[in-house]
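The structure appears right after this line, and notes come after that.
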Protein chains: 2
Amino acid sequence: MVKKRDTAEARERLSRDAIVTGAIALADAEGLGAVTIRRLAQAHGVTPMALYWHFKDKDQLLDGIAERLFSEVQFPPADSAPWDDQLRALLLALVAALRPHPAVAGLARASVLSCEPGLAVAEHTLSLLRQAGFDADKSAEIGGFLLTAVVTLVSDEPGLAYGADAEAREDAMRVKRASLSALSPRRHPNVVASADALAACTGPEANHELGIDMLVTGIVCMAEGRVTSR
Amino acid sequence: MVKKRDTAEARERLSRDAIVTGAIALADAEGLGAVTIRRLAQAHGVTPMALYWHFKDKDQLLDGIAERLFSEVQFPPADSAPWDDQLRALLLALVAALRPHPAVAGLARASVLSCEPGLAVAEHTLSLLRQAGFDADKSAEIGGFLLTAVVTLVSDEPGLAYGADAEAREDAMRVKRASLSALSPRRHPNVVASADALAACTGPEANHELGIDMLVTGIVCMAEGRVTSR
DNA sequence: ACCTGAACACCGTTCAAGT
DNA sequence: ACCTGAACACCGTTCAAGT
């Protein structure tokens with residue numbers, strides 16, 4: 001009779017949503033590599049095969065994670081600001097949604113056009129690019145690049161020490177910085193000069209706004225160039 | 001006595017270089033997921049454990065792949081062109097080196113600063129950014145973003161049909177386009193309008209120059225803004 | 001409808017041993 | 001120095017079966 005609660009998880013009943021939530025939590029804690037059918041099942045006190053009733057296979061589970069991420073995007077209220085300000089706001093909203101889950105952010109790339117919440121983001125982005133004066137094809141190209149760039153911006157580089165506390169990450173950064181500083185200043189003068197910043201880039205405290213600004217600025221310049229045919 | 005040549009591979013003798021070459025070939029043919037210690041060993045007619053003499057573990061093998069990619073970058077000859085033209089040329093050279101191997105291009109991100117050929121690319125990039133007037137920290141930020149953006153530009157999205165011939169890829173694209181075109185034009189007018197281009201983006205024929213131009217243009221505008229303090 | 005049990009064909013990696 | 005053999009603790013997934 002001491003059967004329920006095989007694990008810590010409360011055994012409500014399995015569902016797509018519960019599985020996805022568990023998967024994201026697991027990824028946050030131990031990285032995408034820890035997200036395994038078997039570990040997920042264990043976390044829910046259930047047999048691995050139980051998950052296969054809710055998802056066709058693991059890829060669909062990952063799709064589900066991406067869908068959840070997109071669904072968390074808080075669209076900025078529509079206003080009459082110029083298109084580039086609106087675009088910046090939209091990209092920042094996307095960053096805000098992905099940023100808390102860097103281990104799974106990369107999944108967003110493959111699934112944008114395969115789920116409703118992703119399509120909503122795509123639709124808004126394309127709409128703003130059309131307002132900027134780009135045609136349908138150009139907007140698609142730029143939009144695709146924008147999404148992948150933003151995703152990359154907030155993605156943890158794989159191979160980072162997971163499950164590691166903040167202290168361990170600090171250590172890794174220090175080691176990296178030291179090894180960069182130890183390079184020959186004759187052969188790599190600029191790497192050595194930027195050692196601190198380069199080592200710091202390997203972390204969640206990276207400056208995402210810089211990247212966004214760069215992207216939007218580039219698009220603005222292109223749009224103006226197109227219009228004035230300069 | 002019919003012992004040699006367990007497989008097609010000529011059994012010269014194992015080496016780091018040979019293993020890396022085999023790994024890249026395997027990834028090109030069947031995707032990164034097929035790159036497995038065991039399959040690699042098999043391709044070389046050798047026991048899986050044989051690879052562990054040449055590489056500490058699989059991560060080091062992946063590092064070796066990235067190093068090979070960077071070593072194939074053909075640096076444009078130093079000239080007196082303006083820094084932005086030189087930067088564009090350098091990024092295009094990086095694209096040219098990564099483009100033939102989209103399945104493993106993503107490995108370049110984690111390994112830039114961990115191998116000599118990667119450091120060479122980083123050094124040149126930082127040097128040009130310093131010429132543009134950015135300080136050491138800003139150059140590092142921008143440079144890091146640039147690399148990941150370029151890598152993203154040429155990376156196959158995971159989940160693409162591998163081992164699939166060109167025909168199968170064509171099919172996949174057609175299916176994608178059809179499903180996008182079938183969306184409600186009221187809810188997703190811009191996605192529907194861009195359906196063709198969006199479906200085509202999922203392929204190796206993507207326009208990389210557009211992305212590079214966008215990035216460089218963005219940097220130029222930022223640099224000018226900085227200098228003229230506008 | 002929702003889940004279990006047993007089985008299959010895979011992984012990376014360690015450790016001791018061979019030559 | 002370079003490689004093998006056996007073993008361990010994992011994977012995703014199928015298929016038949018239970019309730």
Side-chain angles (χ1 to χ4, degrees), chain A residues 1-7 9-23 26-27 29-65 103-104 107 110 158-159 161-163, chain B residues 1-7 9-23 26-27 29-65 103-104 107 110 158-159 161-163:
Chain A
M1 283 306 175
V2 197
K3 202 62 175 311
K4 296 290 181 76
R5 281 190 128 281
D6 307 63
T7 81
E9 213 72 12
R11 285 284 4 254
E12 298 266 335
R13 180 73 144 287
L14 224 44
S15 72
R16 279 183 69 102
D17 277 353
I19 295 171
V20 167
T21 302
L26 189 53
E30 305 185 41
L32 187 54
V35 176
T36 260
I37 299 275
R38 291 172 120 104
R39 287 204 53 182
L40 247 25
Q42 188 186 351
H44 290 274
V46 113
T47 276
M49 295 50 98
L51 304 208
Y52 281 87
W53 194 88
H54 300 273
F55 295 93
K56 179 181 164 290
D57 57 18
K58 195 182 175 182
D59 270 341
Q60 293 241 346
L61 204 171
L62 299 180
D63 264 17
I65 295 178
V104 288
L107 300 175
Y162 284 115
Chain B
M1 283 308 175
V2 197
K3 202 65 174 309
K4 296 291 181 74
R5 281 188 130 283
D6 307 62
T7 80
E9 214 70 15
R11 284 286 1 253
E12 298 264 336
R13 179 75 144 289
L14 223 46
S15 72
R16 280 182 69 102
D17 277 353
I19 295 171
V20 167
T21 301
L26 190 53
E30 305 186 42
L32 187 55
V35 176
T36 259
I37 299 275
R38 292 172 120 103
R39 288 203 55 181
L40 248 24
Q42 188 186 352
H44 290 275
V46 113
T47 278
M49 294 50 98
L51 303 208
Y52 282 88
W53 194 88
H54 301 272
F55 295 93
K56 181 179 163 290
D57 58 17
K58 194 182 176 183
D59 271 340
Q60 292 242 345
L61 205 172
L62 299 179
D63 264 16
I65 295 177
V104 288
L107 300 174
Y162 284 116

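Naming convention: chains lettered A, B, ... in sequence-line order (proteins, then strands); numbering from 1 in each chain.
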request  = For dA1(D), take OP1 and OP2 only and decide whether either is under 4.0 Å from a side-chain N or O of His54(B).
outcome  = no
query = In whole Å, what is the span from the CZ atom of Arg39(A) to the P atom of dA9(D)?
reply = 16 Å
Paired and unpaired positions of DNA chain D as dot-bracket, Watson-Crick or G-U wobble under 3.5 Å, | denoting a partner strand = ||.|||||...|||||..|
task = Rounded to the nearest angstrom, tell me the gap between atom CZ in Arg16(B) and atom P in dC2(D).
result = 13 Å
task = Mind calculating the distance between CD (Gln42(B)) and C1' (dC3(D)) to the nearest angstrom?
result = 17 Å
Distance test, side-chain N/O of Thr36(B) to OP1/OP2 of dG12(C), below 4.0 Å = yes
message = Test side-chain contact (heavy atoms from CB on, under 4.5 Å) on Asp17(A) and Val20(A); report intermediate values, then the result.
response = CA-CA 5 Å; Asp17(A) 277 353; Val20(A) 167; 5.6 Å; no
Interatomic distance where CD1 belongs to Ile19(B) and C1' belongs to dG12(C) [whole Å] = 15 Å
query = Can you tell me how far P of dA1(D) sits from CZ of Phe55(B), to the nearest Å?
reply = 18 Å
inquiry  = Can you give me the closest heavy-atom contact between Arg16(A) and His54(A), atom names plus distance?
reply    = NH1-O, 3.4 Å
Hey, what are the protein-to-nucleotides 13-15 of chain D N/O distances that come in under 3.5 Å?
| residue | atom | partner | partner atom | Å |
| --- | --- | --- | --- | --- |
| dT13(D) | OP2 | Tyr52(A) | OH | 2.8 |
| dT13(D) | OP2 | Lys58(A) | N | 3.0 |
| dT13(D) | O5' | Tyr52(A) | OH | 3.4 |

Value in whole Å for how far the C1' atom of dT4(D) lies from CG of Leu51(B) = 13 Å
remark   = Heavy-atom nearest pair, Ala23(A) first then Leu61(A), reads CB-CD2, 4.1 Å
request  = Could you tell me which non-hydrogen atom of Val104(B) sits nearest to which non-hydrogen atom of Ile65(B), and how far apart they are?
outcome  = CB-CG2, 3.9 Å
Main-chain N/O of Gln60(A) paired with Asp57(A) side-chain donor or acceptor, under 3.5 Å = yes
query = How far, in whole Å, is dA17(D) from dC2(C) if one measures between their C1' atoms?
reply = 13 Å
query = Would a distance-only check, ignoring hydrogens and angles, find a side-chain to backbone donor-acceptor pair under 3.5 Å from Thr36(A) to Arg39(A)?
reply = no
request  = Identify the heavy atoms of Ile37(B) and Pro48(B) that sit nearest to each other, and give their distance.
outcome  = CG2-O, 3.8 Å
task = List the atom of Ala50(B), the atom of Leu14(B), and the distance in Å for their closest heavy-atom pair.
result = CB-CD2, 3.9 Å
request  = Might you point out which heavy atoms bring Ala103(B) and Gly31(B) nearest each other, and give the distance in Å?
outcome  = CB-CA, 4.2 Å
